[in-house]
Amino acid sequence: MTDNIFAHEHPESERARGGGFTLWFTGLSGSGKTTIAHLVGPALDERGHVVEYLDGDTIRTHLSKGLGFSKEDRDTNIERIGWVASRIVRHGGTAITAAISPYVETRQKARDLVEQFGPFVEVYVNASVEECARRDTNGLYAKAYAGEIKGFTGVDDPYEAPESPEIVVDTEAQTPEESAQIVVQKLEELGFVGSEVRA
Ligand SMILES: Nc1ncnc2c1ncn2[C@@H]1O[C@H](COP(=O)(O)OP(=O)(O)O)[C@@H](O)[C@H]1O
Ligand SMILES: [Mg+2]
């Protein structure tokens, strides 16, 4: 269906503004991606970054409305998020993504898109499936274990943990505030974020 589409890439405006980066949270449903993203975002805002959130559930109600949870649809969703994140970074913004993004290969595709314009920082939000199911923030694990939802990540669909993420947080051992602090500190160490908070 793409045979008759001639994408024009506008190379004349490909120059990145600089200063932007993508903070890519990955982890099981209920591991804490959204919670930590919304603690880190304001901290970056205070340090002068223009922050945009690309949260999986929000993206699925807008940009990816109608997509399901087959491998193909999941990959399409993640590639869309990666592409939008790359555009935000090109303009010097900070994209904070929070989608399960279960496949290594697809996260790499998102990384490749973003790294054309700026850094990609992968944050592995680690919590066991048992703990996520115990939290069951949205009641989805109960439905998945009852067979009412098929292809649920961590129950009957794969989750491929990152092998060398820039940051790992352990949300079984840390509070959300501690996890967020680890992320911000690491961003400072990497030199992507200044430590000075605006008045
Ligand atoms: N260190 C932590 N970081 C983030 N969330 C945590 C942590 N410890 C406990 N939680 C709890 O885990 C749940 C995570 O839910 P949510 O952020 O919606 O997950 P996700 O976006 O990954 O699906 C929340 O109820 C949160 O309070
Ligand atoms: Mg979430």
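None of the values given here were measured: they were computed from a predicted structure. Both counts, for ligands and for their atoms, begin at 1 and track the order of listing.
The backbone N or O of Ser195 lies less than 3.5 Å from no partner atom in the side chain of Glu188, so there is not a single donor-acceptor pair. No side-chain donor-acceptor contact under 3.5 Å links Arg17 to the backbone of Gly93.
Residue Thr34: an N/O/S atom is found under 2.8 Å from the Mg ion (ligand 2).
Between Asp55 and Lys33 there is no salt bridge, since none of the side-chain N atoms of the basic residue sits less than 4.0 Å from a carboxylate O of the acidic one. The pair Glu131-Arg135 meets the salt-bridge criterion, since a charged nitrogen lies less than 4.0 angstrom from a carboxylate oxygen.
The contact shell of ligand 1, taken as protein residues with any non-hydrogen atom closer than 4.0 angstrom, comprises Leu28, Ser29, Gly30, Ser31, Gly32, Lys33, Thr34, Thr35, Ile36, Arg135, Thr137, Thr171, Gln174, Thr175, Pro176, Ser179.
By the 30° and 60° cut-offs, the orientation of the rings of Tyr141 relative to Phe152 is perpendicular. Under the 30°/60° scheme for interplanar angles, the aromatic rings of Tyr53 and His38 are found to lie parallel.
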